[in-house]
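First up is the structure itself, then whatever we jot down about it.
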Amino acid sequence: MGFLKSYILLVLVLHNYIAFAQDDAEIAIGFTEDERNALLALKNGFHNAFLDERWQSFDCINWYGVVCNGGRVVSLTLESLNIIGEIKLDALFNLTALSTLSSRNNSIFGQLMDFSKNIDLARLDLSRNKFDGLISPSLVNLVLLESLQLQENRLTGPIPWFDQSSLKEFNVSNNNLTGPIPNTRKLQSFNPSSYDHNSFLCGPPTSTSCGPTSRDNDNSSSSHKSLIGVTLIIVNVIGLVILLILLMVFYRKNKQLNEKIIQKNNIKFADDKENGRFVDDKEKRYSVDNEEKGYSVDEEEKRDEITSDSMDHQAHMRTQHQGKLVFVDGEPDFELGDLMTASAENLGKGNFGNTYRARLDDGRNVIVKRLKDLKPLSRDEFMNHLKVIAAQKHPNLVPLLAYFYSNNEKLLVHKFMMNENLFSRLHGARGTRDRIPFRWGPRLAVAQGVARAMEYLHMNPNSALVPHGNLKSSNVLIDENNMARVSDYGLTSIISNTIYVHQMVAFKCPEYLTSKKVSKKSDVWSYGSLLMELLTGRVSVLSVPKDDKAVDLCNWVHRAVREEWTAEIFDLELMVQRSAIHGMLKLLQLAVRCCDKVPEKRPDMSEVVREIENIKPPNADSESEEDFSIDRSLTDDSMSGTPSR
Ligand SMILES: *[C@@H]1O[C@H](CO)[C@@H](O)[C@H](O)[C@H]1NC(C)=O
Ligand SMILES: *[C@@H]1O[C@H](CO)[C@@H](O)[C@H](O)[C@H]1NC(C)=O
Ligand SMILES: *[C@@H]1O[C@H](CO)[C@@H](O)[C@H](O)[C@H]1NC(C)=O
């Protein structure tokens, strides 16, 4: 049978010291009709013989400069192609998964496009073209935007109020922009050369001052001047009052609109109106927008890496004074006040809200998770539910230390785990010198630990804990003893439906797509996918939905096994351990069964634990002895050919 063949193949392969060139992540071939049409419309505007020839087939893969993922266009790169043509304002409306767009160094003219539908856009480079008109205000709302290059065009008007924390590169030099540079933290932080050569742009961070433009050179009429001054002040005051009124009207309208949208979607943010949500307006707008379009906030999780908004965090926290921290194990260890004054580092935005690492005055670290998008729960409901979560004690679960409830703040405080999460252990620093190989022994231990934790949760009579719903590598932490610990358990039943349906891993299983049901078996499916990630070292779409390299591992492995290229499945870091191959194949078989399309055919977690404990870990000396002769650089994915000895 296939496995035996593969086993022989594997042994052969190792004897020959062949390193596999891991092919790139599977790239979907086709793309949706809408997106194809959108690109064809672009092509029609460009009149470019090169593109006319290369944008024809039905396979996205053959289109020059286009990258698709899962049938969606994620990247469009049309640099220096001598394109002379126009892009329509609404040209990008259907390319809603677009994350990179570059058409630098062409002669494209017309106004900047409307980017309001491209909420995933991270990199935009339209430099060295002939765009004119205003910088589209839609760009201000793109919360993932990292790089904006608009230099060397013919843009006019003011710079909009960019202030998204994601923005790292910004250049609008060599245009015809006017007015003062808005005083936002972001815009002020860029190098003045980002603003160069715009004759009417002024104010910091450039050295041009925005002061009175025409210097009065007759100094005789000082009374005349002061009269002008007074008039100016009066005009200013009137202007300010009008502006305030307008702002109030706008705010009311906006609020009403938001409420309408919320009602329409039947989402009850119970506490919002009474207390004001503590997300800032932009964040709020973003989440509402997303729910409307069915997008998942989760997907920005990875990109939105560590930002240092600990100040905001503290300011938010300070507004929440009522209530006390409830400690899971009796004695209060610290107080809410201590958390509020602790220095905090934002660890990123998760499914259920932001996570911070707070450093208490005594030097201890804790993880604070601010829950948002909960179902409307009364205090008692919340407290009861948290008691259930707190009662879960297992060496492979991240322990809960304390929790907190007030009308507008719900916090979970967890023990800080020394090491890192499984995702970064598996994928971090690949191909660099800093990479410490992650060998079979520790990987098997992780697989076993996670299986035990899941079995423990599944055995619990309290149905509030099942399914976990969000088992993925970034939710598995590795503690100071290299023990795997599962986090985020017990939350499915208190999170609002719209959020979990769109974002949680178990809701992407085959049966949810067809029958809208999840169960323990959906967790088993997620677990199977996690095993695949451990075995292949590839990024799973479940962990990072928007990563270009991410693969639907269940499908990918099924195909690999069917087509009998099993040997190429395993992570090269594992392949150096000859004696482990038997165990790896066993684990792979188990993973394949967990990923079965039919939920009933998947084993349950107890069965998984039993099988996985039968896989023998390698003994310690063979582990090191086997690292023989294989060059470190072999772990670099891009490496192919034979390793140096
Ligand atoms: C711009 O594109 C032209 C071809 O259209 C090429 O010759 C030139 O080198 C490019 N310049 C830069 C700076 O990329
Ligand atoms: C910039 O705009 C001004 C009018 O606003 C115009 O007179 C000038 O020619 C423009 N310069 C360029 C380089 O387009
Ligand atoms: C912005 O672009 C101009 C070229 O138009 C370049 O000279 C300048 O260094 C760039 N500035 C930054 C901060 O990238």
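No hydrogens, no waters, no symmetry mates; every other heavy atom, side chains included, goes into these values. We count ligands from 1, going down the list as the structure has it; atoms in each ligand are counted the same way. Note that the structure is a prediction, hence the values are computed from the model and not measured.
- With a 4.0 Å heavy-atom cut-off, ligand 3 is reached by the side chain of S173 but not by its N, CA, C or O.
- Proximity to E152 (heavy-atom distance under 4.0 Å) selects the following atoms of ligand 3: 4 (C), 5 (O).
- Between F50 and Y64, the two ring planes are perpendicular [angle over 60°; tilted spans 30° to 60°].
- Remark: atom 7 (O) of ligand 1 lies closer than 4.0 Å to no protein heavy atom.
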- Message: Run K369 and D488 through side-chain contact (heavy atoms from CB on, under 4.5 Å) and show every step you take.
- Response: CA-CA 10 Å; K369 192 169 267 188; D488 271 15; 2.2 Å; yes
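- When only non-hydrogen protein atoms are considered, atom 9 (O) of ligand 1 lies nearest to N105 ND2, 4.7 Å.
- If you check the side chains of S80 and N105, you find a donor sitting under 3.5 Å from an acceptor.
- For the pair K130 and F109, the cation-pi criterion (under 6.0 Å, within 45° of the ring axis) is not fulfilled.
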- Task: Give the intermediate values and the outcome of side-chain hydrogen bond (donor to acceptor under 3.5 Å, both in side chains) for residues E533 and S543.
- Result: CA-CA 9 Å; E533 196 172 344; S543 311; 3.0 Å; yes
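- Closest to atom 4 (C) of ligand 1 among all protein heavy atoms lies S80 O, 4.2 Å.
- Atom 14 (O) of ligand 3 has as its closest protein heavy atom N171 ND2, 3.2 Å.
- Close contacts of ligand 3 with N174, meaning ligand atoms under 4.0 Å from a residue heavy atom, involve 4 (C), 5 (O).
- Among the candidates I87, L155, L150, N106, the single residue satisfying the side chain to side chain contact (heavy atoms under 4.5 Å, CB included) test with L126 is L150.
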